[in-house]
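These notes concern the structure reproduced below.
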Amino acid sequence: MSRRVLMLGGLQLGMVAALAGRMRFLQVDQADQFRLLADENRINIRLLPPSRGLIFDRRGVLLAGNEQNYRIVIVREDAGDVDQAIARLARIVDLDPAEIAQAQKEMARRSSFVPVTITDRATWEDVARVAVNAPALPGISPDVGMSRIYPFEGDFAHILGYVGPVSDYDLSRLDDKDPLLQIPRFQIGKSGVEAKLERDLRGSAGTRRIEVNAVGRVMRELDRKEGQPGSSVQLTVDQTLQNFVQARLVGESASAVVMDVTNGDVLALGSAPSFDPNKFVHGISVADYNALLENPYRPLANKSAQGTYPPGSTFKMVVALAALEDGVIDTKEKIICTGYTELAGRRFHCWRRGGHGKVDLVRSLRESCDVFYYEMAKRVGIEKITKMARKLGLGMRHDLPLSGIASGLTPTKAWKLENRSAEWVIGDSLNAGIGQGFVLTSPLQLAVMTARLATGRAVVPRMVRTLNGIEEPYQEPAALDIDPENLNAVQRGMYEVVYGQRATAGRSKIVADGKRMAGKTGTSQVRNITAAERAAGVTKNEDLPWERRDHALFVCYAPHDAPRYAVSVVVEHGGGGSVAAAPIARDIILHALYEGLPPLSAYPSSQRSTIRELQDSLELRAPGEPTQIRGGRA
Amino acid sequence: MSFLEYNLKVTPTGIRKVLYLNWFLVLLLSSVAVIGFLMLYSVAGGSFQPWVEPQMKRFALGLGLMFFIGMVPIWFWRSISGTAYLISLVLLVLVEVMGETGMGAQRWLNLGFMRLQPSELAKIGLVMALATYYDWLDLSRISKPLWILPPLALIAAPTLLVLRQPDLGTSLLLIAGGGAMMFLAGVNLFYFLAVIVIGVGVVAAVFLTRGTTWQLLKDYQYGRIDTFLDPASDPLGGGYHITQSKIALGSGGWTGRGFMQGTQSRLNFLPEKHTDFIFTTLAEEFGFLGAASLLALYVLIIVFCVISALRNRDRFSSLLTLGVAVTFFLYFFINMSMVMGLVPVVGVPLPLVSYGGSAMLVLMLGFGLVQSAHVHRARSK
């Protein structure tokens with residue numbers, strides 16, 4: 001028997017040795033690999049969203065900040081009967097049924113210990129009520145998060161844009177591997193500066209390593225690494241001026257741009273009507289959104305950068321300079337205006353049916369004689385006009401951190417052949433000569449053009465002053481290759497537009513010394529009055545329905561002898577530029593010059609009472625307090 | 001040996017028997033039990049509840065049982081071995097009729113104060129019955145085919161009953177234990193060779209009939225075999241246990257993560273962490289050294305049993321002692337192989353360490369018989 005015992009013992013020993021060998025293999029030879037797997041099992045990395053970079057105006061007034069927002073969250077496993085708990089909560093806090101439905105959906109999907117947001121728009125009072133009633137609300141607790149706030153609401157809606165929760169569409173559109181975007185409801189810039197400077201404003205994620213158990217419950221935090229907050233951005237815009245521009249444009253579908261001609265700083269970029277970007281931060285309601293979409297004044301569009309209009313007579317400076325530079329006319333030559341010019345049997349009318357008689361360059365601008373410019377266009381040709389237009393900043397996309405910046409259109413013969421499949425005809429040139437036809441410009445481009453005309457320098461618009469506390473590189477604008485004498489003549493013409501006899505913008509004079517302005521009106525046709533309408537007695541613009549009336553334009557700079565600011569104003573379907581656009585432009589440029597509401601003494605004495613009424617009627621905000629702009633760690 | 005022969009030698013009597021107990025064995029068994037308490041304390045997150053306290057009470061009961069059985073002369077136990085075997089069979093039938101279901105099988109009899117697993121009791125009953133049989137059988141007849149049949153029947157009866165529960169692990173343990181007893185008794189090696197050949201045939205049959213109406217195992221049993229063969233194929237399903245178990249073992253390294261520091265068990269990644277998979281917690285927290293130490297303790301227990309058996313000239317005592325030792329060996333070998341991914345998951349506890357009453361009491365009962373054999377061994381004057 002002992003032989004058998006030995007055999008069996010030997011077998012057992014062999015088996016035990018196999019066990020020990022296996023143990024050694026797993027625990028010693030492969031230990032590192034398995035320890036890694038164990039850590040992967042238990043350690044989860046959670047992202048800590050960084051605080052978004054702040055946006056300031058040129059004086060340091062906060063335009064976009066972060067505020068704590070209060071949320072009410074529910075933990076299913078602590079709540080017991082969820083429906084009953086929510087019903088109790090609804091008795092003390094105003095709850096949106098849609099939010100409740102969303103929360104219930106989310107609760108069904110997630111583990112019972114994960115807090116689910118019931119509402120993220122709770123007020124401090126709601127939070128207090130929840131806290132006081134805590135014993136009756138098991139599993140429900142208030143929570144604090146950060147969300148974007150735009151203290152000036154609609155004033156900067158088109159410049160700043162807004163942030164919103166990242167969507168699947170955003171993820172497909174952005175080639176961005178940032179893990180932050182995977183956080184549910186993480187807010188990213190959707191338009192405007194918020195979208196264009198998204199990378200700077202976002203910052204980088206911090207991480208929190210947590211230990212979880214097999215079902216994902218958080219057991220403890222192992223360590224945390226704070227992220228890098230987003231960079232602060234200081235814009236060139238001026239909060240008070242922007243506020244004034246928006247207030248002045250109220251009631252119109254209009255836009256206005258104010259630029260510092262010395263350095264290209266965009267001081268204001270207004271577009272009316274506006275909207276409240278704060279509504280987008282937590283997701284705008286369908287009703288509110290549809291109201292914005294269906295408004296014929298298109299509040300969501302940033303008309304000053306995205307809108308393009310035929311420049312009308314404001315284009316005449318371009319044509320004049322092109323002709324002067326080309327030498328097809330000098331500053332003395334007079335053209336006779338009989339009220340129309342004839343080309344291949346077709347009549348091109350001057351706005352003044354009776355004609356202007358003998359017209360030289362300065363008078364042509366002052367009285368905006370169309371026939372003079374038909375002649376100029378005929379002489380100089382479209383290619384040279386377009387070249388001058390581009391030199392002055394038209395027909396190109398200016399690089400500003402805004403959404404959908406329009407490049408406008410300065411046509412050439414090749415362009416027409418390619419896009420309209422037709423030869424350029426001389427009639428097209430004549431139309432372009434008075435800023436109609438194919439020519440399209442945005443208010444921003446018109447402001448750049450005016451700044452360049454005022455200084456003779458290639459002023460480039462800019463909107464970012466400092467990024468993360470560091471000045472943006474800035475270059476002195478180079479001189480434009482234009483004969484100063486020619487430029488002078490055009491500038492004189494623009495001055496006469498306001499101050500000359502029979503001046504088109506004579507009613508919009510500034511009488512304060514050293515603050516006089518030079519400008520140019522423009523009225524651009526949306527479409528011709530048809531023969532049928534004419535037969536029905538419609539001859540005046542005011543008789544047409546709103547959406548078919550002419551656009552009113554005005555561009556100006558001031559002071560005329562030492563230019564500081566350039567302004568462009570476009571009032572959609574506003575009628576004549578001298579009536580609808582010039583007074584607005586005057587008020588805006590005066591506000592810029594006086595750095596505040598202009599005194600009545602700047603206006604002609606006969607207009608002061610109406611101006612006072614207008615100023616009193618404006619709903620202006622109290623100027624924002626400048627704050628110390630902090631760097632990236634704000 | 002007969003009763004008279006015993007009297008010719010010196011066998012301890014009365015209270016003096018206590019001195020003749022195999023105290024080393026008691027010490028080893030207690031050490032293993034203490035390791036069990038520590039691990040149960042750890043997996044409970046540093047608490048005596050819900051496992052350590054009941055386990056301690058059971059072990060105390062088990063020790064008492066062992067001492068009591070050890071004091072009763074071995075010939076008494078031989079005389080009732082047939083009865084014991086029959087009782088265990090009756091209990092197995094009872095479980096079939098009125099047993100409680102747990103984990104997909106009928107395994108438990110509720111006795112009021114504890115839930116008994118008759119299949120555990122059957123292991124000892126079988127060992128006693130076989131030892132008695134081979135003690136009675138003339139040595140010259142051991143390998144005669146006719147005399148092979150009764151022990152085969154003795155093994156088959158409880159095995160088939162257990163298989164019906166169904167409990168594959170325990171039925172394999174019964175077959176292996178019974179086979180080992182026959183081997184130790186001296187049955188011709190030719191039979192074992194034949195069994196191995198037939199076994200291979202059966203395995204082939206098991207797999208070939210899979211999916212047909214005659215399939216021999218339940219689907220979950222096939223599933224366990226599949227999982228064993230390739231645990232990675234279903235890491236969150238059936239293979240989850242084995243994968244997580246290997247991760248726990250492997251991450252222990254040489255010295256482990258330290259007492260109560262095992263992340264796999266503490267964070268609930270391990271299944272059955274207080275019962276069948278408790279070895280993984282030990283290996284994770286005390287590393288290779290801890291795991292190997294437990295293995296060494298187990299081996300020492302076997303060694304002490306074997307020494308005791310070899311020094312005992314009573315054939316029944318020897319066979320009984322070796323049978324208990326083999327049963328014990330099969331317990332820990334299969335459990336450890338299972339958690340280390342060497343054999344499929346079959347639901348065998350780690351002896352004296354896993355939480356559970358029946359296995360512990362039955363094992364202590366078995367060691368009580370070993371003590372009885374040890375104490376009442378004939379000693380020369």
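So you know, we letter chains A, B, ... as the sequences are listed, proteins then strands, and number each from 1.
- Applying the ring pair (Phe, Tyr, Trp, His ring centres under 6.0 Å) criterion to B:Y134, with sequence neighbours excluded, gives no partner residue.
- Only the side chain of B:I302 comes within less than 4.5 Å of a heavy atom of chain A; its backbone N, CA, C and O stay farther away.
- For chain A, the nearby parts of B:V326 are the backbone and the side chain; heavy atoms of each come within less than 4.5 Å.
- Heavy-atom distances place the side chain of B:F329, and not its backbone, under 4.5 Å from chain A.
- With no hydrogens or angles considered, a side-chain donor-acceptor pair links B:S42 and B:E285 at under 3.5 Å.
- For chain A, the nearby parts of B:L249 are the backbone and the side chain; heavy atoms of each come within less than 4.5 Å.
- Between B:F328 and B:Y298, the ring centre distance stays below 6.0 Å.
- When the candidates B:G256, B:A283, B:A292, B:A296 are compared by the number of heavy-atom contacts under 4.5 Å with chain A, B:A283 comes out ahead.
- Classification of B:R141 and B:D138 as a salt-bridged pair fails, no side-chain N sitting under 4.0 Å from a carboxylate O.
- The structure places CG of A:L19 at 10.0 Å from CG of B:N335, a figure rounded to the nearest 0.5 Å.
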